[in-house]
Peer 1: 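Below is one structure. I have some questions about it.
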Amino acid sequence: ARYPVLRGLYELDKTIGCGGFAKVKLATHILTGEKVAIKIMEKRSLGENLHRVRVELEALQTLSHRHISQLYQVLETESHFFLVVEYCSGGELFDHIVDKNRLNEKESRAAFRQILSAVAYLHSKGFVHRDLKPENVLLDKDLNMKLIDFGLCAKPSGGLTGFLYTSCGSPTYAAPELVLGKKYLGHEVDVWSMGVLLYALLCGFLPFDDDKIDTLYKKILDGKYEEPSWLTMESRRLIRSMLQIDPKKRIGVEELLSHPWVMRGFREPVSLNNSCNMKEHDSHCVNLLARHKNVTTEEMWELLSKWKYDYNTATYFLMLSRKRRGLPVRIFGPG
Ligand SMILES: COc1cccc(Nc2ncc(-c3ccc(C(=O)NCC(=O)Nc4ccccc4)cc3)c(OCC3CCNCC3)n2)c1
């Protein structure tokens with residue numbers, strides 16, 4: 001096998017994406033037969049980003065939310081990192097928008113509420129994503145949004161995280177203060193990027209775009225963009241409040257959660273604890289796994305509840321996710 005460490009655990013399939021210093025392959029988790037994505041990072045090409053991978057792994061292990069791609073297992077060899085994560089069979093939101101030309105207000109609102117819930121949850125956990133863009137929003141088979149951080153840009157908030165310190169985030173979606181390399185970036189950068197995302201959903205193209213990077217920067221810093229005729233007044237007002245050049249004038253996440261446009265047609269504000277607790281004790285799954293491993297259920301839970309993000313964690317999470325999707329929980333393999 002190309003990667004011996006995966007032998008007997010995962011069957012690798014095609015490459016579904018490349019970017020920066022990572023390659024993503026589709027794979028099958030052998031014990032459950034479930035599809036997963038495996039992000040493979042070569043340590044040599046990570047350079048000083050090696051530290052950021054460890055920050056991301058720490059972050060990911062504390063995150064569990066319906067609209068954030070779930071981490072299942074982490075494997076490390078002396079040459080590679082392997083992140084086994086939730087496979088999103090609907091691909092990137094970007095391609096979905098291109099296919100449909102643009103989404104109508106109802107579809108855009110549903111997508112935006114899910115992204116907003118994930119970002120609010122992320123902020124409540126003390127992280128700033130910093131690279132929210134349609135390529136980092138994936139869709140599951142039911143077209144639910146799954147936020148990822150493909151480029152390792154998410155950061156604990158408050159740190160010295162100016163643009164100069166980490167060439168993070170793609171300028172097209174980057175807030176003016178990020179483009180200016182200001183220090184102490186706060187949550188406001190994610191609100192700006194969500195504004196660009198909402199604009200892309202409703203319009204089918206980007207508010208600021210240019211082939212030449214310095215013209216693009218000028219446009220972002222100038223903050224002027226087209227408002228197509230089909231945008232309702234309410235959508236225009238919401239987008240304007242998110243694409244405010246001055247971060248102090250930009251609408252906050254809390255205000256967005258219950259914004260009239262976000263609430264239209266819904267009774268509840270967006271809840272950030274839309275979390276799906278994967279670390280709960282499910283005796284059906286624990287028993288099945290204990291029998292397979294030939295240990296008592298107590299010993300199995302003792303092992304599982306250390307949440308080491310090893311193969312046991314991956315197997316348990318995948319069994320649980322199958323059960324929650326109303327599918328029979330199963331384990332393949334001998335005895
Ligand atoms: C059907 O056709 C298709 C076509 C395309 C894709 C798929 N599916 C599919 N499923 C799953 C993935 C994936 C999930 C998570 C991570 C990750 O990096 N997690 C870590 C993470 O998210 N941290 C984190 C999250 C939030 C806050 C803080 C930290 C990496 C990859 C994928 O990737 C493909 C790439 C390709 C380049 N653009 C980005 C996606 N693709 C399917």
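The structure presented is a predicted model; accordingly, all values stated were derived computationally and were not measured. For ligands, and for the atoms within them, numbers begin at 1 and follow the listed sequence.
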Peer 1: Just distance, no hydrogens or angles: give the donor-acceptor pairs under 3.5 Å from side chains in residues 9-26, sequence neighbours left out.
Peer 2:
residue	atom	partner	partner atom	Å
Tyr10	OH	Gln73	OE1	2.5
Thr15	OG1	Lys25	NZ	2.9

Peer 1: Applying side-chain contact (heavy atoms from CB on, under 4.5 Å), can you list everything that pairs with Asp246, at least two apart in sequence or on another chain?
Peer 2: Lys248, Lys249

Peer 1: Just to verify, what does Tyr199 make a ring pair (Phe, Tyr, Trp, His ring centres under 6.0 Å) with, not counting sequence neighbours?
Peer 2: Phe205, Tyr225

Peer 1: Using ring-ring contact (aromatic ring centres under 6.0 Å, His included) as the criterion, point out the one residue from Tyr311, Tyr72, Tyr316 that pairs with His29.
Peer 2: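 Only one of Tyr311, Tyr72, Tyr316 forms a ring-ring contact (aromatic ring centres under 6.0 Å, His included) with His29, namely Tyr311.
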
Peer 1: Present, as a list of atom pairs with distances to 0.1 Å, all nitrogen or oxygen contacts under 3.5 Å between ligand 1 and the protein.
Peer 2:
residue	atom	partner	partner atom	Å
ligand 1	8 (N)	Cys88	O	2.8
ligand 1	10 (N)	Cys88	N	3.0
ligand 1	18 (O)	Lys39	NZ	2.6
ligand 1	22 (O)	Asp149	N	3.0
ligand 1	23 (N)	Glu56	OE2	2.8
ligand 1	38 (N)	Glu92	OE2	2.6

Peer 1: Think Arg113 forms a cation-pi with Phe266, using NZ or CZ under 6.0 Å from the six-ring centre and within 45 degrees of its axis?
Peer 2: yes

Peer 1: Is it the case that the side chains of Asp310 and Thr313 hold a donor-acceptor pair, with the cut-off being a distance below 3.5 Å and no angle test?
Peer 2: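 Short answer, yes.
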
